[in-house]
Amino acid sequence: MTSVTDARPTERVLRTASDSRVARFVLAVSTIVVLVLVFRLFTNFGVFPESWDIGLADPIDRARRWLINNQTSHWLYTVFLNPITDAIDWAIRRLESILRWFPWYSYPLFTGVGLWWTRGRVAGALGLASVTLIGVIDLWEESFATLALMGVSVLISMVIGIPLGIAAWRSDAVARVIRPSLDAMQTMPGFVYLIPFVLLFGVGRVPALISTVIFALAPVVRLTEVGLRTVPQVTVEASEMFGATERQTLRLVRLPQARPAIFAGMNQTTMLAMSMVVIAAFIGAGGLGQVVLRAMQSIEVGKASEAGIAIVIMAIVLDRFSTGIATADPGRDAATIRWLGVGVSALAVVGGLLGHNAFPESLNWQFAPYVDDATDWARDNLYDIGGSGIGTGPFSDFVTLEFVTPLRELLSADIPWPAMIGIGFVLGLWARGIRLAIGIGAALFAIGFLGMWALSMDTLAQTIVGVAITLAIGVPVGILTAHNDLLRTALKPVLDFFQTIPSFVLLVPVITLFHVGRIPGIIASVIYALPAAVHYTDLGLRRVPAEIHEAAESFGATRGQRLRRVEMPLAAPELMVAVNQVIMLILAMVVIAGLVGGGGLGLEAVRGLRRSDAVGRGFEAGIAIVLLASILDRLTRAIADRLRPPAAV
Amino acid sequence: MDTPNETAQVRVEGVWKVFGRKPREAKEMAEAGSTREEIQTATGSVVAVRDVSFHVATGETFVVMGLSGSGKSTLIRCVSHLVAPTEGTVELCGTELTQADGAKLRELRRQKMAMVFQHFGLFPHRKVVDNVAYGLEVQGVDRHDRQDRARELLDTVGLEGWGDHYPQQLSGGMQQRVGLARALAVDPEVLFFDEPFSALDPLIRRDMQDELIDLQMKLQRTLVFITHDFAEALKLADRIAIMNDGAFVQVGTPVEILTSPADDYVRAFTQDAPVAKVLQACSLMKPLDGRAIDPEWHRVSSTTPLEVALPHLLGSINPVLVCDEHNTPVGLLHGDDVARVISENQQ
């Protein structure tokens, strides 16, 4: 074959590919419009019929009662669950008592030395001061409960996760099972994990720990696998050529080279565990999360802020320490740090023997009253500034009345439910194919059958508004940072900060300004998801190769033309990843915001966790959240794949 | 191709390597004369190596020269059994690798062979000395002994004092010296080189080639060397195999290849080759056959390039006397022969 005849079919394939893309899109949109019109005009379908509710709630409530009655007698508990519960509970208690044995001052000192070692002097000093602050605001005792739960969770995650990662790397069959499970585990808002474990174990630290481990497991498994897969093949061949056994190659060549990736996984796992341990206060995990939760329920913003600050300090210290540990290079301070480490260790033992474990009360100082004053001031002065109709209150009302409520009405009532399912089906068909379409249709039906249709549409409406606001802010900021290194450097710590904070804590400052309702939840979720939107936009645009920029410029394209015609289309898959991430983050947060009056599925789930007679409904809501999350996740990822340029022919 | 050799340390017979789902169909198409592209379109499989056979004698340097995609890299992996050949047999030091089980193969690799890689393949997490000691560590040699041996080899390749650095702190040339030391540390009988110098700057490459020649003079190992650089092949090889589209096109000594290229494909390489630089006096000399020697004749050593001997032949009817390292005459170089080879090469 000559090259000329070669080129023709390729060209034809490309042209028909792009033609059929447009055609399919037009077809999808017009089908949706027709669907909605037909159902609106010729039928009187509205909300999913209540009589079709198959009602999982009752059987689950019955199961729950049975479980409570049989907790001391049935073999499921005596042989299986209770020993697990006891062992985990023992481990947490043991760790907590060990942690408490050391003198209070050893913690700020260890933090200071540790951060000096991994991140330098300034970080060390800041770490020392901020850990002391946790004691100063009188949250020392609660911090230990959180830390112990964290410690055991992370440890168990490592012990399970690293071997799982190795197994997934070694066997494609195992990977095929593990990978989708991990995807599913990461798709679900962490909050949802609590529900089934409460059902099995009741409230307390054990279900909290188990759900934390499951929620936090994914990164360490995934990055262990990735780390092992990306070990350069030539080093493995070299090892093989020396007659190394598989085991020797793993131990001497593969694992050491995968170490940075495994450390990165451990860091992410730690951060996920942190955010989950805080949320687990919902089911009586205690600790700092519980302080936030109680304070938010009684709208004691000051107290909630203090606990929030303690959580943020803990999260940031753990993050900075665990990201620095793989690359620590203290340089010329190394010797000093080593001696300091030895000194602090000795001091810790001596102080422990002397019983210096309680944080001295004389150092206590609380800023809660000031925050409360500021909150009162904000409520009086910012909620409706001078009665002018401008302020956070009218803003909330405006967004609620103009966007959230109409959208909810549109989704749950104005678009008849069969049309809604039809839309999901058509989108699935357009984005990937018949399997996704059927999956989405089935998931929507299931939501209806669970009696969660209206609540799901409420949550979906809040999610859509949140996503729209996040993208409207995040994408332009991402475009700016992609073209301006200075701005990027300046924004990075801010974005990092918001990504490190456990999601739950973000609700605290928002309710000081916006009170309770749907709006604080949406705003908190926007803040929570904004870093991801900026990051992926920036990443996508920066991936556009320099020669393509130069080529566009050489044709005399203006900056605007370059952005619209060249950069954005090339960055489209990354932008779609941004949309996917933003949707998942917003959904997770909107659900948690059920706690502050966010309504929708979240409220139902929260109620289920707190009131034993509502567990059944809560469980249904949980399943609906999972279904909704999966639909949105699969759909956006399918669209992202569709936007990728065709692979080389 | 070449006659079976009793002292052959590497014997490769009818080796095929097909990547993909349909190896048999692909092989049949290849045997019927289809090109790689045709086979790939029809079966989705890639024929990387097609029916390659060769023997390498003890102490010989066998160079496989081919362009990228010619299958040479796959071939050396089949021979060292990093990749299992689809068909054919490979015998190394009297043991058939294709029949050996995992333990036997490991045993052979620990005792008999070693490989030097294109991108060095050094372990970035290990110090230079621990890189060199790796083969010994795998064999279970204790720490003290293997480190001593590793430092000894670092001296041999001119890297004394660099043992406690990490590979990425070294220049490319130095890294490949580490790779060479690592391979030599296990005292192998057969050494495989997978384009070891292609990632290096031209000047460094020349130094490394010279050093490899020196080392080989001393060690007399069996070398299988892969390269895409024809000049490198001419410089290092006892025999060269030219590879194209997965098969050997021609196998012969550098002089044979230069003086009688098998086809246009080989001729394309030989045309640009600096014959007078590459060929040495010994490769064109005629035996003395008891001829009387005139003490006036110019003397050159057997490794002298033709271009150095050439001025002494021009404008003189006398041959040049070729001598070994003890200055004992071993042959005669005639101006006619040199002129013939150079002019043939230019056609």
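Chain A is the first sequence line, chain B the second, and so forth, proteins listed ahead of strands; every chain is numbered from 1.
- Only the side chain of B:Arg77 comes within less than 4.5 Å of a heavy atom of chain A; its backbone N, CA, C and O stay farther away.
- Interatomic distance, CD of A:Gln248 versus OH of B:Tyr134, reported as 6.5 Å (0.5 Å rounding).
- Put simply, CE on A:Met241 and NE2 on B:His81 are 11.5 Å apart, with the number rounded to the nearest 0.5 Å.
- There is no contact between B:Ala103 and chain A, counting heavy-atom distances below 4.5 Å.
- Under the 4.5 Å side-chain criterion, counting only non-hydrogen atoms from C-beta, A:Thr245 is in contact with B:Arg106.
- Using a 4.5 Å cut-off between heavy atoms, B:Leu136 does not touch chain A at all.
- Within the 3.5 Å criterion, the main-chain N or O of A:Leu252 finds a donor-acceptor partner in the side chain of B:His125.
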Exercise for the section: Run the numbers on B:Leu82 and A:Glu240 for side chain to side chain contact (heavy atoms under 4.5 Å, CB included), then give the verdict. Expected result: CA-CA 8 Å; B:Leu82 282 170; A:Glu240 263 180 61; 3.5 Å; yes

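- No more than 12 heavy-atom neighbours from other residues, nucleotides or ligands sit within 6.0 angstrom of CZ on A:Arg435.
- A:Ala238 and B:Gly121 make their closest contact through CB-O, 3.8 Å (heavy atoms, listed as atom of the first residue, atom of the second, distance).
- For the residue pair A:Thr235 and B:Leu122, the shortest heavy atom distance occurs at CG2-O, 3.4 Å.
- Of the listed residues (B:Phe120, B:Phe123, B:Phe192), the one with the most heavy-atom contacts under 4.5 Å to chain A is B:Phe123.
- Between A:Phe242 and B:Glu137 there is no side-chain heavy-atom pair separated by less than 4.5 Å.
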